[in-house]
Amino acid sequence: MTNKDAMLDMRAVIAGALRQALANLGVPTDLLPGGLVQVQRPALRSHGEWSSNVALVVSKAAGRSSRDLAQELADVLSARLPRHVRSVEVAGPGFLNFDLHESWLHESLRDILDLGEDRFAAFDIANGERVQLEFISANPTGPIHVGNGWWGSYADALARLLERCGWSVTREYYVNDTGGQIRLLGQSILAFRGGHRAPDEGYKGDYVADLASSYDGPDDVTAAGTWAAAKILDNIRSTLEAIDIHFDEWYSQASIEESGAIRDTIDHLGERGLVYESEGATWLRSTELGDSRDRVLVKSDGDPTYLAGDLAYHRDKFIVRGFDRVIDVFGADHHGHVASLLAGVQAMGIDKGRLEVKIGQMVSLAEGKMSKRAGNFVSLDSLISDIGPDATRLLSLMGSMDQAATLDLELVRQQSMENPVYYVQYAYARISSIDRVRAERGIERAVLSDVDLALLMHERELEIVRRLTELPDVVLDACRERAPYRVTTWVRKLAGCFHGFYHDCYVIGDDVPEELTQARLWLVEGVRIGLSISLGLLGVRAPDSM
RNA sequence: GCCCCCGUAGCUCAGUCGGACAGAGCAGCUGCCUUCUAAGCAGACGGUCGCAGGUUCGAGUCCUGCCGGGGGCGCCA
């Protein structure tokens with residue numbers, strides 16, 4: 001089922017032993033929340049390699065003190081220690097702390113190396129589900145800004161996580177290539193071409209003037225707007241490709257309108273009695289489905305609203321194309337749209353549990369607010385050329401998407417050489433460097449089965465393996481919680497472990513015995529696997545040299 | 001007014017579906033380059049976890065209220 005089964009799973013070993021011990025003591029495991037025995041890695045090493053709080057959790061229901069129950073459990077376990085366990089001790093209010101023999105790390109490392117980059121920390125827990133991930137979807141009325149890059153990096157990393165956990169993912173950009181904003185863009189283009197100022201509410205950035213100078217089409221706002229939007233969309237596409245974001249589908253809103261899908265969707269809603277006419281417009285009775293007010297679907301001028309198009313689009317996702325699950329990643333500035341969308345999706349008879357909407361918080365710049373219409377924003381393009389694609393991606397994946405980010409460009413530029421991305425990439429470059437030296441000195445890496453990994457007893461070495469064993473949980477948690485930044489947190493720690501090892505433990509050297517060199521070469525390969533997997537999930541390159 | 005997100009070290013953020021003296025990085029201070037890249041390593045410094053209650057054996061983590069910051073509440077998208 002999962003590659004976890006192909007690895008030593010100490011949590012399962014200890015949990016199993018605890019469950020058995022509880023049974024021996026006559027404590028039914030159904031007293032436990034969810035029937036699960038919690039086994040975790042303590043924050044402090046002095047509390048053992050692993051620990052469990054079972055005694056604390058069930059003591060009351062079991063009718064004895066947590067301390068006493070813990071001691072009884074420790075006695076039972078000590079009589080027949082689980083595999084790799086050196087000792088079990090009771091600590092604090094009733095924690096059970098497990099001290100382990102280093103062999104658990106040696107066995108784990110061997111498992112990781114056997115699985116390799118493709119199978120370690122990879123899962124198939126999707127049950128064959130297909131998920132559609134829509135993100136960015138910024139209007140093609142101007143260059144995309146830093147916030148779009150942040151949310152885009154988030155969504156793309158989430159897509160990679162889902163794929164590593166077995167989902168089939170389709171990445172889509174919903175292109176707003178029709179409607180009032182496009183006509184406004186066209187008006188702005190025509191105004192510039194005619195040597196006039198853009199309309200007050202129009203688009204005024206330099207890019208509009210540039211586009212206007214090369215526009216040789218008719219004096220028609222829709223034609224001009226459509227033409228300009230296509231040009232702008234090309235630029236958006238190449239900007240996103242620079243940070244390794246590629247869409248499977250650029251879904252045109254105009255195509256939905258032309259296909260009649262919006263009409264069909266409104267008819268469909270009408271059949272369910274959720275549509276009414278008022279003040280010359282067509283409304284969705286969305287208040288009945290959790291929205292704060294009813295919403296207009298067709299304006300009194302006959303044009304469908306954004307919501308109507310979006311509902312038709314979602315109907316297409318769920319019903320026409322049959323995705324099992326849809327994840328929309330929006331910026332906080334579109335938050336007001338969520339309740340309407342959820343209401344509309346339910347109105348179409350789609351289980352709202354199949355639609356997830358993730359809201360990325362605003363990215364503000366120390367120098368001021370961004371506005372596309374005023375033209376005074378920092379484009380994603382300029383940030384990328386400023387600090388590079390890798391720093392852009394990693395910086396955007398440093399923290400939770402629920403947290404509003406403040407970007408101090410001056411600081412980012414200054415620290416660009418001290419950026420976490422370099423710290424992590426440097427670890428990879430050092431690994432490649434070790435391999436180059438190995439090759440130069442004519443040292444062959446021995447076959448893994450001939451290598452004695454038990455020679456790895458230095459604290460730096462053990463620390464690395466401990467860290468590596470966490471990756472499967474990190475990937476699963478990051479995927480389930482929709483929190484790619486957890487991978488960032490982990491990879492920074494792994495890089496830290498490696499730099500410490502690199503400093504204290506030479507892999508190749510006159511003082512290093514041949515067998516130890518071999519064991520360390522494989523340990524380094526383990527780090528390479530860990531870095532490669534995690535940087536791959538984040539969309540950050542792993543360079544061979546820096 | 002109503003809804004959503006956030007408030008942890010000077011700065012940027014972690015903190016494992018509540019757990020055992022609050023952790024990194026950056027900035028600042030002190031050491032470490034004859035061997036695989038010092039874009040590194042080690043040490044010291046630095047926090048009433050916004051405030052007040054509540055639940056719990058145990059709360060940065062959950063609940064309520066308040067304070068503060070951001071976003072939203074269009075026949076814009």
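What you see below is based on every heavy atom in this structure, not just the backbone, and it leaves out hydrogens, waters and symmetry mates.
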### Message
With syn defined as a glycosidic angle within 90° of 0 and anti as the rest, where does B:C41 land?
### Response
anti
### Task
Tell me what A:Gln40 touches on the nucleic acid: a base, only sugar-phosphate, or nothing, going by heavy atoms under 4.0 Å.
nothing
### Query
Heavy atoms, side chains only, cut-off 4.5 Å: are A:Ser379 and A:His145 in contact?
no
### Task
For A:Phe95, check ring-ring contact (aromatic ring centres under 6.0 Å, His included) against everything at least two apart and list the hits.
none
### Query
Which part of the nucleic acid, if any, lies within contact of A:Ala91, taking any heavy atom under 4.0 Å across all strands shown: a base, the sugar-phosphate backbone alone, or nothing?
base
### Task
Would you indicate what A:Asp333 reaches in the nucleic acid, counting non-hydrogen atoms under 4.0 angstrom: base, sugar-phosphate, or nothing?
sugar-phosphate
#### Entry: A:Tyr485 side-chain N/O to B:G15 phosphate OP1/OP2 under 4.0 Å
yes
### Task
Scan A:Cys505 against the nucleic acid and name what it touches under 4.0 Å (heavy atoms): base, sugar-phosphate only, or nothing.
base
### Message
Over all strands shown, is A:Arg480 touching base, sugar-phosphate only, or nothing at heavy-atom distances under 4.0 angstrom?
### Response
nothing
### Task
Compute both the distance and the angle, then confirm whether A:Arg445 meets the cation-pi test with A:Trp522: under 6.0 Å from the six-membered ring centre, within 45 degrees of the axis.
yes
### Query
For A:Ser545, which contact category applies under a 4.0 Å heavy-atom criterion: base, sugar-phosphate, or nothing?
base
### Message
By the 4.0 Å heavy-atom rule, please label A:Asn97 as base, sugar-phosphate, or nothing.
### Response
base
### Query
B:G70 C1' sits how many Å from A:Gln361 CD, rounded?
7 Å
### Task
Stems involving RNA chain B: give each as a range paired with a range, ordered by first number, where a stem means at least three consecutive Watson-Crick or G-U wobble pairs under 3.5 Å.
B:1-7 with B:67-73, B:10-13 with B:23-26, B:29-32 with B:40-43, B:50-54 with B:62-66
### Task
Could you tell me whether A:Ser66 contacts a base, only the sugar-phosphate backbone, or nothing, with contacts defined as non-hydrogen atoms closer than 4.0 Å?
nothing
### Query
With sequence neighbours left out, what residues match A:Glu89 under salt bridge (charged side-chain N to carboxylate O under 4.0 Å, His left out)?
none
### Query
Under 4.0 angstrom, heavy atoms only, what part of the nucleic acid is A:Arg460 near: base, sugar-phosphate, or nothing?
sugar-phosphate
### Distance test, side-chain N/O of A:Arg295 to OP1/OP2 of B:C73, below 4.0 Å
no
### Summary
Per atom distances to the A:His503 side chain, the nearest of B:A14, B:C32, B:A42 is B:C32
### Message
Counting C-beta onward and ignoring hydrogens, is there a side-chain heavy-atom pair between A:Trp150 and A:Val146 closer than 4.5 Å?
### Response
yes
#### Entry: OP1 or OP2 of B:A39 under 4.0 Å from side-chain N/O of A:Tyr422
no
### Message
Using only modelled atom types and a 3.5 angstrom limit, is any donor from either the side chain of A:Ser51 or the base of B:A20 paired with an acceptor on the other?
### Response
yes
Filtered N/O pairs between nucleotides 54-61 of chain B and protein, under 3.5 Å:
{"residue": "B:C57", "atom": "OP1", "partner": "A:Lys60", "partner atom": "NZ", "Å": "2.2"}

### Message
Does B:C41 have its OP1 or OP2 closer than 4.0 Å to a side-chain nitrogen or oxygen of A:Tyr506?
### Response
no
## Note on the structure
Sorted by position of nearest nucleotide on RNA chain B, 5' first, the leading residue of A:Gly180 and A:Asp510 is A:Asp510
### Query
Which part of the nucleic acid, if any, lies within reach of A:Ser59 when heavy atoms closer than 4.0 Å are counted: base, sugar-phosphate only, or nothing?
nothing
### Message
Evaluate A:Asp390 against A:Gln425 for side-chain hydrogen bond (donor to acceptor under 3.5 Å, both in side chains), listing each step before the verdict.
### Response
CA-CA 9 Å; A:Asp390 290 329; A:Gln425 290 185 318; 3.0 Å; yes
### Query
How is A:His47 classified with respect to the nucleic acid when contacts are heavy atoms under 4.0 Å: base, sugar-phosphate, or nothing?
base
### Partners passing ring-ring contact (aromatic ring centres under 6.0 Å, His included) against A:Tyr313 (at least two apart in sequence or in another chain)
A:Tyr174, A:Tyr251
#### Entry: hbond_proxy A:Ser300 side chain to B:C75 base (donor-acceptor, 3.5 Å cutoff)
yes
### Task
Could you pick out which residue, A:Pro420 or A:Phe95, lies toward the 5' side of RNA chain B when each is mapped onto its nearest nucleotide?
A:Phe95
### Message
Categorize A:Glu470 for me: base, sugar-phosphate, or nothing, with a 4.0 angstrom heavy-atom threshold over every strand shown.
### Response
nothing
### Short side-chain N/O contact from A:Arg293 to OP1 or OP2 of B:G74, under 4.0 Å
yes
### Query
Which part of the nucleic acid, if any, lies within contact of A:Met362, taking any heavy atom under 4.0 Å across all strands shown: a base, the sugar-phosphate backbone alone, or nothing?
sugar-phosphate
### Query
Would one find more than 12 heavy atoms of other residues, nucleotides or ligands at under 6.0 Å from atom CD of A:Glu444?
no
### Query
Which pairs count as side-chain hydrogen bond (donor to acceptor under 3.5 Å, both in side chains) when at least one residue sits in residues 492-501 of chain A, sequence neighbours excluded?
A:Arg430-A:His499
### Query
Under 4.0 angstrom, heavy atoms only, what part of the nucleic acid is A:Tyr502 near: base, sugar-phosphate, or nothing?
base
